[in-house]
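For reference, the structure is listed below as structure tokens.
Keep in mind the model is a prediction, meaning the values are calculated, not measured. Throughout, a chain's letter reflects where its sequence line sits, starting with A, and its residues are numbered from 1.
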Amino acid sequence: MLTFKQKVFAIVAKIPKGKTMTYGDVAKRAGNQYAGRAVGAVLHTNFDPQIPCHRVIGKDGSLRGYNRGLANKKRILINEGVIM
DNA sequence: CATTTGACGCCAA
DNA sequence: TTTGGCGCCAAAT
């Protein structure tokens, strides 16, 4: 049985390049439709550069946080073709 | 074990 | 359109 955060990591790691998911979406996939906050908390605690958490953004497309710097995250998203 | 905190999301004013 | 408030969850202390 994977813990919530393990699921979150797995899901985030599965996000295809050039694509983005909202925290709520990930939460829903992780098993809880209302665990958007928890998703953010999990990603915040995880400092693994191998986890493309930069592809996880707010529901309305707003960047929230990033363990490597928001500016970097923004840059990466643009670089991957995720333009709003 | 109980309390606090935060990278959310939706609704009402 | 912007601001404020409420509900929800898991991790950290």
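A:Lys19 and A:Glu80 are not joined by a salt bridge, as no carboxylate oxygen comes within less than 4.0 angstrom of a charged side-chain nitrogen.
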### Derivation of the side-chain contact (heavy atoms from CB on, under 4.5 Å) call for A:Asp48 and A:Phe9
CA-CA 10 Å; A:Asp48 189 330; A:Phe9 293 141; over 6 Å; no

### Query
Should A:Leu43 and A:Val56 be marked as a side-chain contact (heavy atoms from CB on, under 4.5 Å) after you check the CA-CA gap, both sets of side-chain angles, and the distance that decides it?
CA-CA 9 Å; A:Leu43 291 179; A:Val56 185; 4.1 Å; yes

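Judged by distance alone, with hydrogens and angles left aside, the side-chain atoms of A:Arg55 form a donor-acceptor pair with the main-chain N or O of A:Ile15 at under 3.5 Å. Side chain of A:Lys5 to backbone of A:Ala41: no donor-acceptor contact under 3.5 angstrom is found.
Here B:dG9 presents its C1' atom at 14 Å from CD1 of A:Ile57, a figure rounded to the nearest Å. Per the geometry, CZ belonging to A:Arg64 stands 8 Å off C1' belonging to B:dA7, to the nearest Å. Remark: P of B:dA7 and NE2 of A:His54 are 19 Å apart, rounded to the nearest angstrom.
Atom SG of A:Cys53 and atom CZ of A:Phe47 lie 9.0 Å apart (nearest 0.5 Å).
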### Base versus backbone protein contacts along nucleotides 6-13 of chain C [heavy-atom cut-off under 4.0 Å; B, S, -]
-BBBSSS-

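Pairing for C:dA12 goes to B:dT3, judged as Watson-Crick or G-U wobble with the two contacts each under 3.5 Å.
Note on A:Asn67: a base of the nucleic acid sits closer than 4.0 angstrom, heavy atoms only.
Residue A:Tyr23 places a side-chain atom within donor-acceptor reach of the base of B:dA7, judged by atom type and a 3.5 Å distance cut-off alone.
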